[in-house]
Amino acid sequence: MATLQWYPGHMHKAQKEMREVLPEVDMVIEVLDSRIPFSSENPLIQRLRGEKPVVKVLSKSDLADPENIALWQAHFESQRNTKTLAISTEDPNRMKMLPDLCRKLVPLTGTGYKKLRAMILGIPNVGKSTLINTLAGRAVAKTGNEPAVTKRQQKIWLADDFMLLDTPGILWPKQQYENSSYRLAFTGAIKDTALEYDDVAFFGAGYLLRTYPEALKERYQLTALPDNEVEFLEVIAKKRGCLGPGGHADFNKISQLFVNDFRAGLLGPISLETPEMVAQEVIEGDRLAELEAERKEAKKLERRRRSRKNR
């Protein structure tokens, strides 16, 4: 998998509708996955909201490394008109702090009273609908264990003076950074039919071997870790009985088990990116994009030169 391209038709429609409605709202609430705050941050939303205040809600915080969550909160709050709130389903009371945080970001009218209108956004499967239902105290947004459950916009009044505009989970047409594509896949932000489990498991295992080796030892009861992700998956395939003909590892089966262990939080609290890490990846990715653009331009000029020569 090079770069993620998964853009169902309803997402294209949702992006168009979101662009039309944004001028009518006072602020934006963007729900991010605490494990991948950068990769789950939609660049389309950043451009469309302009200077409107935003609360970055870091969901699934119980699944992420607490130290990394703090780093990301500091990173986001250094940006203009931005506040953050880390939440999880384990602590519904923290979710209920969101309306007051939003009110602090949006100034009151001269009368001291204002009906606040907030658009709530997020990529698929990030926990947006669960957050809305908790705030509303009833099931007003459809939830599910797979991406792209919400298909249309709906207005939800949390109080007489607070309206949420819910939108479908929106991915963007092409993910520019390869590692972000893998992180989105590893956390389950795209449907599993859109990727190969083996490919995603190799990426995840390689990263965790470098950054969370003790978590892997504890989960899979290993005294030592293999040198690479292929050997690691082979070892745990034998321990879990995920074997094919000849006693060899069934990589598809063990990859599914490993990916699902991670998504369920069975490996412990883990973060897949830090602000410093992605800053370097952005520099490298942008440079590669520049080189590719230069290569294409050079080829175009060469074709024109040959065309003129052959006339």
Side-chain angles (χ1 to χ4, degrees), residues 28-42 45 54-77 82-105 118-150 156 158 162 164 166-167 169 180 183-190 204 207-208 211-212 214-215 218-219 259-275 278:
V28 170
I29 300 166
E30 185 175 14
V31 186
L32 307 175
D33 187 322
S34 290
R35 298 166 295 180
I36 52 169
F38 171 78
S39 296
S40 59
E41 186 181 30
N42 192 330
I45 294 170
V54 61
V55 175
K56 303 278 188 181
V57 177
L58 301 177
S59 70
K60 306 184 182 183
S61 62
D62 56 312
L63 302 179
D65 188 326
E67 291 184 7
N68 266 320
I69 293 175
L71 289 175
W72 279 107
Q73 288 189 276
H75 169 76
F76 287 131
E77 295 203 5
T82 304
K83 294 292 183 184
T84 64
L85 180 67
I87 64 168
S88 79
T89 55
E90 306 294 315
D91 188 1
N93 288 330
R94 279 197 65 78
M95 296 187 190
K96 294 174 183 177
M97 295 167 61
L98 181 59
D100 286 340
L101 186 58
C102 291
R103 289 187 178 100
K104 290 177 182 177
L105 269 176
M119 178 179 285
I120 186 164
L121 310 160
I123 65 169
N125 204 28
V126 79
K128 177 169 61 70
S129 295
T130 299
L131 170 60
I132 292 171
N133 291 339
T134 300
L135 293 175
R138 61 192 191 282
V140 292
K142 188 176 180 181
T143 61
N145 289 326
E146 66 172 31
V149 173
T150 304
I156 301 158
L158 301 183
F162 198 124
L164 278 183
D166 184 20
T167 62
S180 288
R183 292 172 191 137
L184 286 164
F186 197 32
T187 56
I190 61 174
Y207 174 80
L208 295 182
T211 54
Y212 292 94
E214 295 306 315
E218 182 176 345
R219 172 61 185 168
V259 170
N260 289 332
D261 275 1
F262 168 76
R263 291 178 182 173
L266 299 179
L267 305 180
I270 286 173
S271 292
L272 299 181
E273 58 192 19
T274 66
V278 298

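Shortest non-hydrogen contact noted between A136 and I156 is CB-CG2, 4.4 Å. Closest non-hydrogen pair, V126 versus D33, comes out as CG2-N, 3.3 Å. Residue D65 comes nearest to S271 through the heavy atom pair N-OG, 3.1 Å, listed as atom of the first residue, atom of the second, then distance. Between P269 and Y212 the shortest heavy-atom distance is O-CE2, 4.0 Å. For the pair I29 and A118, the tightest heavy-atom approach, listed with the atom from each and the gap, is CD1-CB, 4.0 Å. Listed here is the closest heavy atom pair of V140 and N133: N-OD1, 2.9 Å.
In terms of modelled atom types and a separation under 3.5 Å, the side chain of E90 and the main chain of D62 share no donor-acceptor contact. Listed for the E30 side chain is no donor-acceptor partner under 3.5 Å among the backbone atoms of E41. Counting only distance, with no hydrogens or angles, the side chain of S39 and the backbone of L184 share no donor-acceptor pair below 3.5 Å. For R94 (side chain) and S88 (main-chain N/O), no donor-acceptor pair under 3.5 Å exists by modelled atom type.
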Side chain to side chain contact (heavy atoms under 4.5 Å, CB included) evaluation trace for V278 with R183: CA-CA 12 Å; V278 298; R183 292 172 191 137; 4.1 Å; yes
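Dense packing is recorded around CD of E77, with more than 12 heavy atoms of other residues, nucleotides or ligands lying under 6.0 Å away.
Between F186 and F262, the ring-plane angle classifies as parallel under the 30° and 60° cut-offs.
Rounding to the nearest 0.5 Å gives a distance of 6.5 Å between OG1 of T82 and NZ of K56. Here S40 contributes atom OG and R35 contributes atom CZ; the two are 9.5 Å apart, rounded to the nearest 0.5 Å. Here the straight-line distance linking atom CG of D166 with atom CE of M119 works out to 10.0 Å at 0.5 Å rounding. How far CZ of F162 is from CG of D100: 9.0 Å, rounded to the nearest 0.5 Å. Note that OG1 of T134 is 11.0 Å distant from CG of L98, once rounded to the nearest 0.5 Å. Rounding to the nearest 0.5 angstrom, the gap separating the OG atom in S180 from the CG atom in L272 is 10.5 Å.
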